**Q** 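The following block contains the structure, expressed as structure tokens.
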Amino acid sequence: MRVLVIEDETRLAATLQDLLELSGYTADVRHDGESGLDDALTGIYDVILLDVMLPRLDGFSVLRRLREAGNATPVLMLTARSETADKVEGLDQGADYYLTKPFDPKELLACVRALARRQPELRNPDSLEFGGVRLDKSSFTLSCGGRSVRLSRKEFDICELLMRNRNLVLAKESLLLKIWGYESDAEDNNVEVYISFLRKKLAHIHAKVRIRTIRMVGYCLEEDG
Ligand code: CA
């Protein structure tokens, strides 16, 4: 379970991260709306905690853009006590739940658990498709025509990220950060190894898409020909 915390008060953000990690979640933190939205759009998170007042892009705009992009990750908004009127605005824009600061850690964790449980109905359909290739989230399989192959967790996460960012160049560093996390000692060649596994599996199912290497930068998933 991966949670994204978008909160500019650094102490509160760190407290939330600790709380989530102590409860067994993986938690990433962003301190402004713009980078928070970028991360949220990767679609790798199960729940997002989103503050309302944020530098660069406020929480409501982050939420609106996320929903406009077709991302249905459950969002828990964190609002200051004085912002009750804002609640209505946020609900209209597709927030799933609110907590007013300061909140009880137990209540926060209960909300996160509840949202995570609702995830299957709320999130995007169970599969992603690109160029005739289908990535199935419930069975961890990649298929094309009548052929299919099972993916390991890491292969699946990388493949999902590539499919969500189809035709865009994904930098190696961002793959490392998003898949292995900030505190991991994984290196570029870990990424290369998994990309080569994925290429073999794509070839195995006769996929008409390929992972192109962009020298010195990263990778791009695109259709053949
Ligand atoms: Ca704030």
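On a predicted model such as this, the values are computed, not experimentally measured, just so you know. The residues of the chain are indexed from 1 along the displayed sequence. Whatever order the structure lists them in is the order used to number ligands and atoms, beginning at 1.
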**Q** Tell me whether Leu198 is reachable from Val193 by hopping between hydrophobic residues (I, L, V, M, F, W, Y) whose side-chain heavy atoms are closer than 4.5 Å.
**A** yes
**Q** Any Lys/Arg nitrogen of Glu155 or Arg150 sitting under 4.0 Å from an Asp/Glu carboxylate oxygen of the other?
**A** no
**Q** To the closest 0.5 Å, what do you measure between CD (Glu192) and CD (Glu187)?
**A** 10.5 Å
**Q** Does the pair Asp32/Arg30 count as a salt bridge with the N-to-O cut at 4.0 Å?
**A** no
**Q** Before accepting this row, confirm whether a basic side-chain N of the pair Glu223/Lys208 lies closer than 4.0 Å to the acidic partner's carboxylate O.
**A** no
**Q** State plainly whether the residues Glu160 and Lys137 are in salt-bridge range, i.e. N to O under 4.0 Å.
**A** yes
**Q** Near the Ca ion (ligand 1), which protein N/O/S atoms fall under 3.0 Å?
**A** Asp8 OD1, Asp51 OD2, Met53 O
